[in-house]
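What follows is a set of notes on a single structure, which appears directly below.
Every value quoted in this text rests on a predicted model; they were computed, and no experiment measured them. We number each residue from 1, following the sequence as shown.
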Amino acid sequence: MKKGKSKFDDSFKKQLVELYNSGKSASEIELEYHVSNSALYKWIRYYNSTGSFKEKDNKSELEKNYKELEKENRQLKMENDILKQAALIMGRR
């Protein structure tokens, strides 16, 4: 038996969002198309805000900035470790 998330293509998601936006209730859509409540509302929120279903397109500027700073921090820590190792090696000579 298959476990994990089932994948729906963007055209299917868009169709469900358009049904919801045209007035069909979320509970009717969930029953008819066998999708979860949380998935449907996430698709609605994402599509209505940015027109995309991808999570990376729907992150706030603050979240994007945070990820960028985390990446920079990891890079700086790695460079710092390299410099510490180089200093130890040079100190032995």
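L40 places none of its side-chain heavy atoms less than 4.5 Å from the side chain of Y33. Side-chain contact between E79 and L76: present, with at least one pair of heavy atoms (C-beta onward) separated by less than 4.5 Å. You'll find the side chain of N73 stays beyond 4.5 Å of the side chain of E70, heavy atoms only.
Considering CD1 of I29 and CD of E18, their distance stands at 11.0 Å, rounded to 0.5 Å. Rounding to the nearest 0.5 Å places CZ of R45 at 8.0 Å from NZ of K42. Put simply, CG on L83 and CG on L88 are 11.0 Å apart, with the number rounded to the nearest 0.5 Å. Here L19 contributes atom CG and S25 contributes atom OG; the two are 10.5 Å apart, rounded to the nearest 0.5 Å. Rounding to the nearest 0.5 Å gives a distance of 6.5 Å between OG of S27 and CD of E30. Here the NZ atom belonging to K7 is positioned 7.5 Å from the NZ atom belonging to K13, to the nearest 0.5 angstrom.
A 6.0 Å sphere centred on CD of E68 holds no more than 12 heavy atoms belonging to other residues, nucleotides or ligands. The 12-atom threshold is exceeded at CZ of F12, counting heavy atoms of other residues, nucleotides or ligands nearer than 6.0 Å. The number of heavy-atom neighbours closer than 6.0 Å to NZ of K67, taken from other residues, nucleotides and ligands shown, is 12 or below.
Checked against the 6.0 Å centroid criterion, the rings of W43 and F8 qualify as a close aromatic pair.
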